[in-house]
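Note sheet for the following structure.
Just so it is clear: chains get the letters A, B, ... in the order the sequence lines come, proteins before strands, and each one is counted from 1. Any value given below was found using the heavy atoms of this structure, including those in side chains, with hydrogens, waters and symmetry copies removed.
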There are 2 protein chains.
Amino acid sequence: MAEKAKIRSLPKFAHLPQGDFDQVYAAAAGRSFAAGATVSEQGDVATYFFVLLDGRLRVTQVTAESQQVIVRIVNPGDLFGIAKALQRTDYPGTATAVSDSVVLSWPMARWSDFMGNYPSMAMSAMQTMGTRLQEAQARMRELATEEVERRVAHAVLRLGEQSGREEAGGIRIDFPVSKQDIAEMTGTTLHTVSRILTAWEHAGLVVGGQQKLLLKDRRRLALIGDGEVPGLLGG
Amino acid sequence: MAEKAKIRSLPKFAHLPQGDFDQVYAAAAGRSFAAGATVSEQGDVATYFFVLLDGRLRVTQVTAESQQVIVRIVNPGDLFGIAKALQRTDYPGTATAVSDSVVLSWPMARWSDFMGNYPSMAMSAMQTMGTRLQEAQARMRELATEEVERRVAHAVLRLGEQSGREEAGGIRIDFPVSKQDIAEMTGTTLHTVSRILTAWEHAGLVVGGQQKLLLKDRRRLALIGDGEVPGLLGG
DNA sequence: CGGATTGTTGAGGATACTCAAGTTAGGTGG
DNA sequence: CCACCTAACTTGAGTATCCTCAACAATCCG
């Protein structure tokens, strides 16, 4: 089975002894989701945890006033839905496939087993949480201190790093992203995002399109993000 | 030694077998810091990790433009400075004592030992990170979607829960908090915080003072925080 | 080709920031 | 114990950023 070899090669599992890996793999169930389908829903009892094998997911949370926030994008190889690690019994967010996706799932009941019996998995889970914590804090800092245009610059650069694909002319965001999505990542409105991207497009920093984004000039985007250059709105 | 018993009783160590605890404790060094002193500094090589025994710390990060953000408040019993868990070799923030404080420290080199050899410590560290991750995401959501007055309401309520002491008339924040501090927790300015707290004081929700704060009406503060009531500014 | 989703653009206005000038509280030293 | 000095806080006025509301245009998909 090609799938097994593919999983074996993920950094997440690369350090497991072969016997352990076989046992962990035996407990897993694979499942496919078409773009637009929901993998797990905010508030539901967390019966499974997952690894994304292929595709792309968007994790959102809805506030009490039903405003949506995009918590993160899940890329292939990422662990998600680990409610147990957050001391929760329900999923804190909704994971939706934005491209056709394949996930591997384990019953949440096995979480403690895995963490206790396979130290290298525990380590790996901790690393995942560490990375996420740092990213959450970085976004917190941005939201607290930066103006919208800088936040949008950081958001698209992050998308480029985590979900980008090199392409003639720049870095293509490798899944459909709407202005609304970018707005929900940066705490602004789609209107403001539209104005910003239009200005950037005129300046040759990006090329947009419906749910498409190509980063043409990472350096200047980084300058805007770091506030070392005025920003192109308000002219 | 009374200190040892006290540490033993922390939730963090309560589940360790006695032998393990003795070994962990033997590796620790205690140290005291006067209010205002720096325990660990952003950017420094992370040579130790810590548990706070007594007092209160404020963890800040400084942005490239030297704006400060308060990442969190460390309360007695909390683990902090765990750079290794975040895959870092330096401290991501500065920890400053806001009250006279006592910390226990371990060489960072022992981190992997501890995590590998004492599964209950690894579990506990993971729980810590889980809690922090959730709190960071909650603050992200607030910063992205809520207006300033609501964010300030949430911030003071959090302070009350995590660092409050029951007192005749309400909940006293148990360490010196300035308006500037609250501003740095909520991504606003001390001016706006001052205006908000003044309005709240007139309405009988809180009692302020220089670096003092007493929460008198948690219920109404929660209503403001949840946006179920208009907010008292702008009248 | 038609309907729906996504995006554009303008005008007006609110929230919260900046700038500025004071006031109060608290600690220190005479 | 009082005077002083500094840090913390208050309050006002003006304004920038960004949101809301609104109408329309473009693109996608069956």
(request) Report the nucleotide, chosen from D:dC18, C:dT18, C:dA16, that has the shortest atom-to-atom distance to any side-chain atom of B:T189. (result) C:dT18
(request) Quickly work out the A:L213 CG to C:dG7 P distance and round it to whole Å. (result) 11 Å
(message) A quick test of your reading: do over 12 heavy atoms of other residues, nucleotides or ligands sit less than 6.0 Å from CZ of A:R218?
(response) no
(message) Check B:K6 with B:D54, please: is the shortest side-chain N to carboxylate O separation under 4.0 Å?
(response) yes
(request) Determine, for A:R158 against A:E142, whether the closest basic-nitrogen to carboxylate-oxygen distance falls under 4.0 angstrom. (result) yes
(request) Find the distance A:E147:CD to D:dC19:C1' and express it as a whole number of Å. (result) 15 Å
(message) Whole angstroms only, please: what is the CG-C1' distance between B:L232 and C:dT15?
(response) 16 Å
(request) Select base, sugar-phosphate, or nothing to describe what A:G231 touches, counting heavy atoms under 4.0 Å on all strands. (result) nothing
(request) To the nearest Å, give me how far apart CD (A:E184) and P (C:dT6) are. (result) 11 Å
(message) Applying salt bridge (charged side-chain N to carboxylate O under 4.0 Å, His left out), can you list everything that pairs with B:E146, at least two apart in sequence or on another chain?
(response) B:R150
(message) Can you measure B:L143 atom CG to C:dT15 atom P for me and round it to whole angstrom units?
(response) 19 Å
(message) My understanding is that only residues two or more places apart in sequence, or in another chain, count here; which of them pass ring-ring contact (aromatic ring centres under 6.0 Å, His included) with B:F80?
(response) B:F50
(request) Flag the pair B:R165 and B:E167 as a salt bridge only when some basic side-chain nitrogen lies within less than 4.0 angstrom of an acidic carboxylate oxygen. (result) yes
Please write out the pairs of protein N or O atoms and N or O atoms of nucleotides 2-11 of chain D separated by less than 3.5 Å, giving the distance to one decimal.
{"residue": "D:dC9", "atom": "OP1", "partner": "B:Q211", "partner atom": "N", "Å": "2.8"}
{"residue": "D:dC9", "atom": "OP2", "partner": "B:K179", "partner atom": "N", "Å": "2.9"}
{"residue": "D:dT10", "atom": "OP2", "partner": "B:S194", "partner atom": "OG", "Å": "2.4"}
{"residue": "D:dT10", "atom": "O5'", "partner": "B:S194", "partner atom": "OG", "Å": "3.2"}
{"residue": "D:dT11", "atom": "O4", "partner": "B:H191", "partner atom": "ND1", "Å": "3.1"}

